[in-house]
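From a predicted model like this one, the values you see are computed outputs, not experimental measurements.
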Amino acid sequence: MKLQVIDIAEGTSVDGPGLRTSIYFAGCNHRCEGCQNPQSWPADAGKEMEEDDLMDIIRYNGFDVTFSGGDPLFQAKTVAHLAKRIKNELGLNIWCYTGYRWEELQDSPTFLPLLQSVDVLVDSPFVLALRDLSLRFRGSSNQRIINVPRSLAQGSMVDITEAYN
């Protein structure tokens, strides 16, 4: 499978706890004012990469993984396939950033396959007026950090934002 990738940050500590391999995917319809990656909005931005090549990079680094962008959910089907392989073959923790809200995603057949492999979702669009540089792993105070497996199991969102303040 091929995925459209803007960049890969190997060994970053800003997109979740510990050292992580962050993959920045192309494509985003949210177009948040003040976005730090507006170059990622076009679906054809960056370069096309084979899933196997991404797996090789992830495997080589051995770090947990973060999906960012753009919005990884813009490529939900192919990112879901990659996430499932990361879980099944490497057993790594996966964080995913999205401009969608949990309430828009939780019952969606388009997004559920990806959510089923994600450990933590940072949801909601970046809001420039709510920007707060003191927040960990978020750009604006409206964004939430969600425990996805627990949320899916109990059928309601489990917000763990306070654990990262």
Side-chain angles (χ1 to χ4, degrees), residues 3-43 45-46 54 57-58 61-76 79-80 82-83 86-87 92-108 110-112 114-165:
L3 298 106
Q4 200 67 26
V5 176
I6 297 291
D7 194 14
I8 300 171
E10 301 175 50
T12 184
S13 61
V14 298
D15 295 328
L19 292 178
R20 309 184 74 80
T21 299
S22 288
I23 303 170
Y24 299 89
F25 293 100
C28 185
N29 290 330
H30 305 293
R31 302 191 185 289
C32 303
E33 179 185 359
C35 174
Q36 68 177 1
N37 292 323
Q39 69 278 9
S40 68
W41 295 350
L54 289 169
I57 292 167
I58 294 164
N61 287 313
F63 302 134
D64 288 329
V65 177
T66 297
F67 297 150
S68 192
D71 192 325
L73 278 71
F74 193 82
Q75 300 180 59
V79 174
L82 174 64
I86 291 167
K87 280 296 183 191
L92 298 173
N93 174 275
I94 300 173
W95 277 45
C96 182
Y97 284 78
T98 182
Y100 292 101
R101 292 181 49 79
W102 173 259
E103 293 79 6
E104 298 173 86
L105 304 173
Q106 64 184 349
D107 297 321
S108 168
T110 300
F111 301 124
L112 189 57
L114 175 54
L115 292 175
Q116 290 171 331
S117 294
V118 168
D119 295 288
V120 173
L121 184 77
V122 181
D123 84 335
S124 299
F126 171 75
V127 176
L128 187 58
L130 300 176
R131 180 178 181 211
D132 184 343
L133 297 176
S134 72
L135 299 173
R136 290 181 67 206
F137 312 130
R138 300 176 291 143
S140 58
S141 61
N142 63 301
Q143 295 172 311
R144 303 173 293 187
I145 301 173
I146 299 165
N147 180 314
V148 177
R150 284 182 47 208
S151 297
L152 292 174
Q154 73 182 40
S156 62
M157 182 187 63
V158 177
D159 187 337
I160 58 172
T161 305
E162 290 300 316
Y164 294 99
N165 284 343

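Phe111 and Tyr100 have tilted rings, their planes meeting at an angle from 30° to 60° on a 0 to 90° scale.
Using modelled atom types and a 3.5 Å distance limit, the side chains of Ser22 and Asp15 yield a donor-acceptor pair. Remark: the Arg101 side chain and the Ser124 side chain contain an N/O donor-acceptor pair separated by less than 3.5 Å.
For Phe25 and Phe67, the distance between ring centers is under 6.0 angstrom.
Remark: side-chain polar atoms of Gln4 are paired, donor with acceptor, to backbone N or O of Ala45 under 3.5 angstrom. At distances below 3.5 Å, at least one donor-acceptor pair connects side-chain atoms of Tyr97 with backbone N or O atoms of Phe137. The main-chain N or O of Gly69 is found under 3.5 Å from a side-chain atom of Asn37 such that the two form a donor-acceptor pair.
No side-chain heavy atom of Cys32 sits under 4.5 Å from any side-chain heavy atom of Leu128.
Nearest heavy-atom pair across Ile145 and Val120 is CG2-CG1, 3.5 Å.
Screening Asp64, Val65, Ile57 for a side-chain contact (heavy atoms from CB on, under 4.5 Å) with Asn61, the sole residue that qualifies is Ile57. Checking each of Ile146, Val148, Leu73, Leu105 against Asp123 for a side-chain contact (heavy atoms from CB on, under 4.5 Å) leaves exactly one that passes, namely Ile146.
Within 6.0 Å of CD on Glu33 lie no more than 12 heavy atoms contributed by other residues, nucleotides or ligands. Residue-environment remark: CD (Gln154) exceeds the threshold of 12 foreign heavy atoms within 6.0 Å.
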